[in-house]
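Working notes, beginning with the structure itself.
The sequence lines fix the lettering, A, B, ..., with proteins before strands; numbering per chain opens at 1.
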Amino acid sequence: MTQTDTQPQEKQFPVLEGAENITIDNLTARVKKLDEEGYRLLTATCLDRGEKYEIYYHFDKDLTMLHLRLLVNKEEEVPSLSLIYLCAFLIENEMKELFGVKFSGLFVNYGGRLFLGEDSDITPMLKCVDC
Amino acid sequence: MSTRTVIPMGPQHPVFPEPLQLKLSLKDEKIVDVAPALGYVHRGIEKAAEKNDFTQNVFLVERICGICSFIHAVCYCMAIEDIMKIELPPRANYLRVIWGELHRLHSHMLWLGLLADSFGFESLFMKFWEIRERILDILEKTTGARVIISACAIGGVRRDISDEHLQEILTVIDKCEKELNGIIPVVMSDTTVKRRTVGVGVIEKEKAIHLGIVGPVLRASGIAQDARMTGYGAYKYLDFKPVVEESGDCYARAVVRAKETYQSIGLLRKAINQLPSGDILTKYKGNPGKAAAVSRVEQPRGELIYYVEGNGTKNLERVRVRTPTFSNVPALSKMLPGMELADAPVIVLSIDPCISCTER
Amino acid sequence: MKSGILGLLIVMPFIIGILCFFLRNDLVRRFLVIGNALALIGASIALAMSGNGSFTPPHEGINWGQLIAIGDFFLLAVFIYLGIVRKSPLIIGLAALQTAGLIWLEFFAGIHGETSPALYGDYLSTIMVLIISIVGSITTLYALPYMQEHEHHIHIPVSKQPRFFMYLTLFLGAMNGLVLSNNMMWMYFFWEVTTLCCVMLIRHNGDEEAVNNSYRALWMNLIGGVAIMGGLVLLHIQHRPMAFQELIAGGRYEGFLLLPIALLCIGGFTKAAQMPFQGWLLGAMVAPTPVSALLHSSTMVKAGVYLILRLAPAFENTFVTKMVGIIGAFTFVAAAMLAINQSNAKKVLAYSTISNLGLIVSCAGINTPLAISAAILLIIFHAISKAMLFMAVGVVEHNIESRDIERMEGLLSVMPFTVFIMVIGILSMILPPFGAVISKWVSLEATAKMPVEMFLLVMGSAFTVLFWTKWIGRLLETTPGKPTPKMEKLPFFYVLSFVFLAVTVLVLSVMAGPLAGKVVAPAVMQYYPAAGIGQAQMNLINDAGSFPVLSIFTVILLAVIIPVLYLRMKECPGSSVYMCGENIASSTGTAFRTLKDSSSEMQLSGYYFDHFFSENRHIPWMNPVAVILIIVLIGGLCF
Amino acid sequence: MFLNSGNTVLIVFMAVFVAPLIGGLLMGIDRILSARLQGRIGPPILQPFYDMMKLMSKKPISGTKIQIICVFVYLVSMILSLVLLMTGQDLLVMVLVLAMGSIFFILGGFSVKSPYSNIGAQREILQVLAYEPLIIFYVVAIYLKTGSFMTFKVFELKDPLLYSMPLFVVALIIIMVIKLRKSPFDLSTSHHAHQELVKGITTELSGRHLAVIELVHMYEMALLMVLAMLLFATNLWIGLALGLFCLFATIVIDNITARLTWSDMLRFAWKIGVPITALNLAVIYYFSIIKK
Amino acid sequence: MSSFDTSNIKSPWILHYDTGSCNGCDIEVLACLTPLYDVERFGILNVGNPRHADILVITGAANKRSARVLRNLYEQMPDPKMVVAVGICAVSGGVLHNCYNVLGGVDKVIPVDVYVPGCAARPEAIIDGIVLALQKIPEKRKLLKSREAKTA
Amino acid sequence: MANFLGAVIENLFKKPATRPYPFTKREPFKDARGLIKFDGDKCVYCGACSKKCPAAAIRVERAEKALYFEPFKCVTCGFCVEVCPKDAINQEFEYRKPDYSKSIEKYGPSAVPAPAKTEAPPSQA
């Protein structure tokens, strides 16, 4: 479509301003800390970055937002936050269903059938290569 | 053999205007277990928003939810404006607040009516909806449509409100206030209504954050959280405080919303009085660049969050919508068990469920 | 002639029972039981035809009084033995107390059962004999195939049937003796025989629960025995006749003189399982079903209400009658309330029996001619309906291996005939124009001037409707679109007893007018100035109202037949039920789709109102209240 | 007896054919009045008849055969109790026949394995439980005044019953609220969209089978009117006005209350309804029995 | 027209189901019941139960899950039954035409009798639509009868 | 309870709030966003409207000089009116009436009388 298509993938994507980078290993610890500090989990946003998923976790405390940015390979399992914040189970189930992100320790597992029926295509939100 | 009753409630059920299924396990009529099933309204709007031209998306995101359509559009436009660094004319900010508050007003009245309907108080439902029609009329007069007003555009608003119409808004909200004065006390103090709402579906303050609830539900649990306090649009110029209740039950939620209708009326008066003159739309050129923005606004149901990422083309890389009901649904599984079957409609409606928002 | 009939009714069952025990052959036993049943039915009808009158057995060298006394001592010895085996001082004590009373009466007071006539068959006794002999015999017939199946189900190596049928037939003989006795010492003897039979039958299965429950039944009934013995001793001390007819004819008594009668009534309460003595009857359901059918319908509990009803003319318009009325009404409400929380079919039936007996006792306590008529009608209809219900539950239990009402969900499509019988049985308990409701109507009209009893009766009736309706609801539940079920195969005696009882209850209900006018009214008029009840054409009438039995029957019959014919002509298309749009076509027809697109089976269950009606919540106050009521009954007479 | 008197045929004819027409009209008025109380215009007065005709013409999708039989028995016992009442028969028998109808209706609800029908049936039993004592007390009060359970005796009284049983007007209103399934006690089924149980006990009925239920409602309405009229039997027009007043009160209550739960209904009926009637009953009892 | 036809026209009971709309049309359908529009004037009741309903009012663009529900509901309605698609989503999918989980129009699932356009459809338009549907009822009844006569 | 008693009794004696809709029709509000009309003569068939229509209800055949409009896809947002360079699109105040079938309108230069209902299937844009 545009000339950027030819450039290497990694550098192409913008990063949300002020986002704090995080890895799978320290995700749970960081979120636990945020929970202790009284942050609310707003939501998580998943983006399809070709080889990887980019997941933003959005937190809020006293109207100030805090974003955690997690880059993870598509095969890797992401630890679920649903044991820290119960509400995360719905967000994670949605990501699992629409993007195919794998989660470990999901509190309630809809098995990829939260929104979509059994006869629907799976992971419809992934960027499709052909179109 | 268990002496349990396992039944579906929904997707088609007269009390739910929208399809949602609760698989209820009952003992006698006491709910022992509940499993919400979604997916009857999932359309895939987030994906469609990637396929569309970013200007078309204004009309698409409005149709995520028909009750707070304008506020969806505002939130989306705010994100795009953030990416494209568009400064809004002051009048546009005020107009957004006016329409936004009109939406909140009609949405809250709609909800109060539906709540009344959920415990079978038909005439109260009728009364709220009768008053609500006045707001819809004024919306239609000012924007050309009753429900999905399509008044927001990137860089401002599409239509101006004439002084004549501003005066009419003032008279209409005066009239509404007067009529509400007659029936809000019914919600707040009627014996039968209180019998059905007090102590029903309680969420304590301590649990509230982990259940992720937002909006009036959160405020009813004693946490003063209102995204309007971030001061987007013209809210920074309108001095107000979030409405908070402590008891965290259906009654508190009703009271929060009832008080918020008055708050909206007050905000509308202030906004109309302070309304500056001038342009309503900032012209912009080009497409959103490679940047991401998060915007959040307060819907009638709670805070709405958009994550928008552009990629330099007229299409967007990603539009992520986090709607308030999506955050409130998990709390249902904690509110319902232990309650009566008769309370189920009241509790479900007390979060003001907008399934079309939730599933997009 | 008369002695022959009475011999058949009282002595023959004893002989056949003993034969059953010793001739351990299935075919012989079968022959004996059938013969016994036929003879009993024939004899009872003959008795009814011969009219009422007194009878003293010929001496012919036998001193019947001594024989009875020996029997008494033997029975008490057995009870003491059982108490020693159980190491229960309570049982030993109660039995010893009675022994002491008996010794005093026999050896020191010097009565030797010379009261004459020893037997007296009035209308009330005849009605009781008819019920015992007919319904009881039908139950023994039902027991024939039932016990075969039962032993097959519980896998026991050596058949205990000989013992079982011995007690079963003994029971009938004893009951006949009990209701025909005029001599109270004789009555006491038969009373204790029924206690023994009952205890032995309850422990028939021999497991721990059965044995425990049998001991509970024993000590509770021994309390009744003590009360009766106390009453007899007191009567003797007060120099009053120890014969029913003379006691009743003796005119009104006041204060302390009423005490023996009150004690006899308390004896009646224990047998009739009135609160707080309901425990033994609830425990009795561990016994094989024919035992329950027998205990609850025609024997045992009916002995209790019979005794009270027999004495009713003697305490008319006294303090005793007020208290008996209230105790009965209290039991009626309390038991009906407790039945709501039960899902065990036999327990529901047991509570319903207690409740109905309460109503009968209450009617006896109201003690107007109309109320007594209601009580007699209730005894008749309750016996038939209850026998039917227990038998049906027994058959169902063998088929689905459970007595849980929840497990009977949709049973109509599996066992249509049995369920049909069960539904008739239940409907006959709660719906006009069936007899039980006619009796309830009579009792309501009788209580209209007694506010407390009336209030309790109305409440109790409402609860009764609740638990019965819930039960039929579970039975009838069907999935639309299923083919009409075929009748199940049942042994001949099952079908015979079902059909016989169902037809009887229907016919008697239709004939309620004549039944009341020709059978019940004379029984009442014997001791009261008026019958209180009568008949006009086929209708039942009393001073306050009339029950157009036949017209209601006709209309309701048409209301059932017409749609049945209409449905036969027009096959209705079956379809799935409404399940909020998520119904799926499955083999059960009642599955719905739910989260993850999986299918989930819909489950329905009855309501049990744990919060409102549970035993745990109510027994703790009900029993003390009942005890207090009884204490008030005694205390009010002493002071 | 009373049955043999000359105008019995006429009365039976009235009970069977005219009563539903009056009941239907009253239902129409009920709906218009409800609409007006809500600030709406409401349907035409003949709407209940249109509804019934339409249902008659529709092809039923039946639940189960037993349910259909039960529905017919419900209809017949309702007519029968009305006939019994209007021909001056025993009131207690009338109440029992009425209860029989309700029980069959409930059994119909139970007989189909459908969630809402079943729960509706469970609740209907509780409704019967709530109003049955009140009706029986009503009947007993009449008995205490007239000395007979026969209805026609009421017409032989010199003073209308209302003077001695004023509190029973309250009882009648409670009975009407529950029987006509009005808020706050429209628990088992409701004519308007029902928020908990869809259509409760009638969920699985359709077409002409549902029309039968509508017909029963018409008879029911007439029956309740006649029951109310007994309170003022000396002048039936005033009696009718009394009945209409009760109906009006019922409709107003319907429109100013939220639906309560079944436990609230039982509590209300037994803790308020029963004591009120019991009080009135006690007064009558004192004057008619003890004083004499 | 027979009196049955008349009664059919005078007493349409509606069942509303949302197959995935944005709520806009749902609330307008509800608004029809409220005092300002008061469709009970025409005998219209919102019954909420397919077995009692005559007219199925559908809003929303139908996704795969709700299509299944819709079919079930349609089957459970007794004949003669009418279907009114309210709002552009229910008519053709409208703005949701390129969403992956949208079938685009209710007529892809069940036969639709009347299409009511509008986004959101106005209460007036919904009333018009129901009136249009009612006009078709005598015809439907006739068709039904002839079909029954054929099968008999 | 008393709170609402007044309100309902007041309603009873007040004129009902109901608008007698089909019998008397309200004038549509000025600037109400109703149905869309095209002017086949003013139109230059540039396709701007077609590109911007969020519901894909407009198809412009440039070569053919024809504009196919599917009113039963139109969400009456009025975006086409805004983007039309020639003011050839007009939004009326009246709402579109319901119909038994979904019609398609074809517009072209006035040689073809417009609007004409055609049954031509729209291409899947």
Side-chain angles (χ1 to χ4, degrees), chain B residues 10-19 21 37-49 51-52 56 59-60 62-69 72 106-107 110 113-114 117 122-123 125-134 136-137 140 145-148 150 354-357 359-360, chain E residues 15-38 40 46-50 53 56 58-70 72-73 76 87-89 93-104 118-124:
Chain B
Q12 188 275 321
H13 193 285
V15 80
F16 300 149
E18 290 182 278
Q21 191 192 50
L38 303 166
Y40 297 97
V41 198
H42 182 63
R43 289 152 290 183
I45 287 182
E46 286 185 5
K47 186 75 179 174
K51 294 183 198 159
N52 277 0
Q56 287 176 337
F59 302 102
L60 180 63
E62 270 192 324
R63 283 159 179 84
I64 286 177
C65 170
I67 304 177
C68 36
S69 60
H72 269 281
H106 100 71
S107 170
L110 172 138
L114 286 181
D117 187 55
E122 202 136 291
S123 49
F125 158 73
M126 294 284 183
K127 194 76 201 170
F128 273 116
W129 280 58
E130 189 190 325
I131 303 172
R132 174 179 165 268
E133 282 291 322
R134 299 188 203 290
L136 292 187
D137 273 355
E140 189 176 9
R146 280 162 55 86
V147 181
I148 296 186
S150 301
C354 180
I355 310 301
S356 56
C357 274
E359 307 187 359
R360 303 170 302 275
Chain E
L15 169 70
H16 165 235
Y17 184 62
D18 170 1
T19 57
S21 99
C22 70
N23 257 342
C25 299
D26 301 346
I27 58 176
E28 294 293 57
V29 170
L30 273 183
C32 286
L33 307 169
T34 58
L36 257 66
Y37 298 97
D38 186 28
E40 209 190 342
N46 185 6
V47 287
N49 174 2
L56 180 56
I58 307 165
T59 55
N63 67 18
K64 283 172 186 164
R65 249 185 211 175
S66 55
R68 178 177 79 208
V69 178
L70 193 57
N72 278 335
L73 291 176
Q76 290 193 336
I88 285 299
C89 297
V95 81
L96 307 172
H97 64 101
N98 55 357
C99 295
Y100 56 80
N101 204 29
V102 163
L103 300 175
C119 186
R122 302 173 59 86
E124 285 98 337

Which answer fits [X], side chain, backbone, both or neither, if we ask what part of it has an atom under 4.5 Å from a heavy atom of chain E?
X	value
B:Arg43	both
B:Ile64	backbone
B:Gln56	neither
B:Ile131	neither
B:Phe16	neither

With a 4.5 angstrom heavy-atom cut-off, could you sort out which part of [X] is near chain B: side chain, backbone, both or neither?
X	value
E:Asn98	both
E:Val102	both
E:Leu70	neither
E:Ile27	both
E:Leu36	side chain
E:Ala31	both
E:Ser21	backbone

**OP:** For B:Glu18 and B:Ser356, indicate whether the former's side chain and the latter's backbone hold a donor-acceptor pair under 3.5 Å.
**Re:**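 The answer is yes, because a donor-acceptor pair under 3.5 Å joins these two groups.
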Original post:
Does B:Arg63 use its side chain to pair, donor to acceptor, with the backbone of B:Phe59 at less than 3.5 Å?
Top reply: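 Judged by distance alone, yes, a pair lies under 3.5 Å.
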Subject >> Min side-chain heavy-atom separation B:Glu130-E:Thr34 under 4.5 Å >> reply: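 No, side chains not in contact.
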Original post:
Say you draw a straight line from CG of E:Asn101 to CG of E:Asn63; how long is it, rounded to the nearest 0.5 Å?
Top reply: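 The CG atom of E:Asn101 sits 5.0 Å away from the CG atom of E:Asn63.
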**OP:** Output the distance between atom CG (E:Asp18) and atom SG (E:Cys25), rounded to the nearest 0.5 Å.
**Re:**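 Here the rounded value is 9.0 Å.
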Original post:
Looking at E:Pro50, E:Gly24, E:Pro35, E:Ala61, which makes the most heavy-atom pairs under 4.5 Å with chain B?
Top reply: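 When all of E:Pro50, E:Gly24, E:Pro35, E:Ala61 are compared, E:Pro35 has the most.
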Subject >> Top contributor to chain B contacts, counting heavy-atom pairs under 4.5 Å, from E:Cys119, E:Cys89, E:Gly60 >> reply: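 Of the options given, most contacts go to E:Cys119.
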**OP:** Quick one: which of B:Glu133, B:Glu46, B:His42 has the most heavy-atom pairs under 4.5 Å with chain E, could you say?
**Re:**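 The answer is B:His42.
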Subject >> Stepwise salt bridge (charged side-chain N to carboxylate O under 4.0 Å, His left out) test for E:Arg122 and B:Glu140 >> reply: CA-CA 11 Å; E:Arg122 302 173 59 86; B:Glu140 189 176 9; 2.3 Å; yes
Original post:
In chain order, what residues pass the salt bridge (charged side-chain N to carboxylate O under 4.0 Å, His left out) check against B:Arg132, with sequence neighbours excluded?
Top reply: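 Result, salt bridge (charged side-chain N to carboxylate O under 4.0 Å, His left out) vs B:Arg132: none returned.
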Subject >> Contacts of type salt bridge (charged side-chain N to carboxylate O under 4.0 Å, His left out), residue E:Arg65, not counting sequence neighbours >> reply: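 Residues passing salt bridge (charged side-chain N to carboxylate O under 4.0 Å, His left out) with E:Arg65: C:Asp597.
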Original post:
Taking all atoms of both residues into account, what is the closest heavy-atom pair of E:Leu96 and E:Gly20, and its distance?
Top reply: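 For E:Leu96 and E:Gly20, the tightest heavy-atom pair comes out as CD1-O, 4.3 Å.
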Original post:
Run the side-chain contact (heavy atoms from CB on, under 4.5 Å) check on B:Ile67 and B:His106 step by step: do they pass?
Top reply: CA-CA 8 Å; B:Ile67 304 177; B:His106 100 71; 4.0 Å; yes
